[in-house]
Amino acid sequence: MEIYCTRPNCPRPKNHFADLDNITTLKTTQQKYCITCGMALLLDGRYVPTQILGKGGFGSAFLASDRRIPGMRLCVVKQFQPPSNLTPTQLQTAQNLFEREADALAQLGHEHEQIPELYAFFPVVVPSLQPGQQDQFFYLVQGFIDGQDLEAELSQKGKFTEDEVLQLLRELLPVLKFVHDKGIIHRDIKPSNIMRRRDGKIFLLDFGAVKQITGTPIGEQGVSTGIYSLGFAPPEQIAGSQVFPSTDLYALAVTIITLLTGKDPTQLFDSYTNQWQWRSAVTVSPKLADILDKMLLPAANQRFQSAEAVMAALTSSPPITKISQTAQTTTISTQTTIPNFSLIQIILRAAFTGFEGALIAIALMALLKSAIVTGVITCVILTGLIFAQVKQWIGKFNLLIIPVITLAILSGLIQIGIFQGTSIPEVIIKAIAGGLISVATVLLFRLINTLLSLIF
């Protein structure tokens, strides 16, 4: 049987013991030691590591068997292995995080089937490779989930469909509700911490960054300790402020848009406008998009306040109330969410609106001979065009097709003499001018809005 040495940087960690191929011998044998470095191999006298699963910032994870359980139950052994350059304070913080995961699993794992169960937590003291010194390691043993995390699944199969992420939300939100009801914030939700077992069941992993939110006085113990994953953490967590259930909901929404678009969160967040620009990268129902946008709002009190509220929004029939992205720091909008168009899309749509509006105004003026009536009707039509763009009824190809058709019809009417005193070049020049004016106006308002958001 092959046993894997868990000492960090052991030059030859694989050890083979022919006598342990016999299960009876394996269950009764005394401690075995690494042939290369002398490290004890049977952890806590019972857990037999057989392969390494991965390494992280503070340790490694190993696949192991429990030789004292009938059937040699598989488990995951996590070893606390902080970097050697940490200060004593940083080392203590890192150790507290590791112990915190054990506490969370002890509290949650045996009560919820979608959270791995804690089997053991223990220290191991062994002679160091440096003469006259000792090394201390901490080990956490938890249930093994035979499957694949969603980060690996995304890399393997590609982008998730709307139905797939909806099913994921239906399975994960009840888990988060359970966790939050226990007074715990996970604080590190991301695709790599969500595991799909081979039978399709979803599990929430890695509680090393959990934070208690009940029974804890607000103060130093009531704020974030700066443990988070870049791109997934909301502003209050990055700032080191107090965290809330909506902190986890923000990270869950980032996880969902990552799975939908196949893009890294840093590619979906526009730091210039301080907004998520993900809608243009994927097509989903307005209802799901509105829910995700509300979960992604920068202020914790503007998001859904519980996983249960998100579940209710997913099952409700009418559109949800949402805070406007363009006035999210000051006002609350109960209207339909405005899509997060990119700057190029905004310019193209403004040019389309101005160009098409000028063509309509020219035609109406030639027919009605009244500037007031023409202005009123043109404004009504432009309002309809803008609303259709907001609802995304007018696709990007229609932005070119509609003006071309309108210009062709107007040119034809000029050619047959219906619109007298108007030439085709004059119409084109006025339409282009209308488009440029529209673009300039939109960019001016966008600049003013950006400046105001920076000031206030």
Side-chain angles (χ1 to χ4, degrees), residues 261 270 272-273 275-286 289-290 293 324-327 333 335-450:
T261 63
D270 184 352
Y272 182 75
T273 61
Q275 293 181 13
W276 289 95
Q277 304 285 356
W278 66 274
R279 288 201 182 202
S280 59
V282 66
T283 301
V284 296
S285 66
D290 288 350
D293 277 344
S324 170
Q325 288 282 348
T326 58
S333 170
Q335 306 301 319
T336 304
T337 304
I338 298 175
N340 287 327
F341 295 125
S342 66
L343 180 60
I344 294 177
Q345 289 177 313
I346 291 173
I347 293 174
L348 290 175
R349 291 177 183 275
F352 159 78
T353 304
F355 190 93
E356 183 68 15
L359 292 178
I360 293 171
I362 292 169
L364 290 174
M365 188 64 186
L367 288 173
L368 302 175
K369 310 297 183 181
S370 171
I372 296 177
V373 176
T374 296
V376 172
I377 297 177
T378 301
C379 287
V380 171
I381 295 175
L382 286 179
T383 301
L385 286 174
I386 293 172
F387 180 76
Q389 291 179 72
V390 170
K391 298 293 291 183
Q392 301 188 59
W393 295 339
I394 299 179
K396 56 184 178 180
F397 296 111
N398 294 331
L399 299 180
L400 177 63
I401 294 173
I402 293 175
V404 169
I405 293 175
T406 305
L407 181 60
I409 294 173
L410 191 55
S411 300
L413 294 175
I414 292 173
Q415 290 285 356
I416 63 177
I418 293 180
F419 295 148
Q420 297 181 353
T422 303
S423 66
I424 295 176
E426 181 184 354
V427 169
I428 294 176
I429 291 172
K430 288 182 178 179
I432 292 175
L436 292 176
I437 292 172
S438 178
V439 170
T441 302
V442 168
L443 291 179
L444 178 61
F445 275 102
R446 181 182 174 87
L447 176 61
I448 293 172
N449 180 70
T450 301

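All values below were derived from every heavy atom in this structure, side-chain atoms included, with hydrogens, water molecules and symmetry-related copies excluded. What you are looking at is a predicted structure, and each value in this text was computed from that prediction instead of being measured. Sequence positions, counted from 1, serve as the residue numbers for this chain.
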Undergrad: Give, for atom CG of Leu407 and atom CD1 of Ile414, the distance between the pair rounded to the nearest 0.5 Å.
TA: 8.5 Å
Undergrad: For a quick test of reading the model, state the closest non-hydrogen atom pair linking Ala358 to Ala431 and the distance between them.
TA: CB-CA, 3.6 Å
Undergrad: Show the nearest heavy-atom pair for residues Trp278 and Thr261, with the distance to one decimal.
TA: O-CG2, 4.2 Å
Undergrad: Any side-chain to backbone donor/acceptor pair from Thr383 onto Cys379? Under 3.5 Å, distance only.
TA: yes
Undergrad: Applying side chain to side chain contact (heavy atoms under 4.5 Å, CB included) between Thr378 and each of Val376, Ile381, Leu382, report the one that passes.
TA: Leu382
Undergrad: Judged by atom type as modelled, is there a donor-acceptor pair below 3.5 Å linking the side chain of Ser438 to the main-chain atoms of Ala350?
TA: yes
Undergrad: Closest approach of Ile347 and Leu443, non-hydrogen atoms and distance?
TA: CG1-CD2, 4.1 Å
Undergrad: From the options Ile428, Thr406, Ile424, Val427, select the one residue that forms a side chain to side chain contact (heavy atoms under 4.5 Å, CB included) with Ser411.
TA: Ile424
Undergrad: Heavy-atom distance under 4.5 Å between the side chains of Arg279 and Asp293, does that happen here?
TA: yes
Undergrad: Could you measure the distance from the CD1 atom of Ile402 to the CZ atom of Phe355? Nearest 0.5 Å is fine.
TA: 12.5 Å
Undergrad: If I take atom NZ from residue Lys430 and atom CD1 from residue Ile437, how far apart are they, to the nearest 0.5 angstrom?
TA: 12.0 Å
Undergrad: Look up atom CD1 in Ile377 and atom CD1 in Ile372, then write down how far apart they are to the nearest 0.5 Å.
TA: 12.0 Å
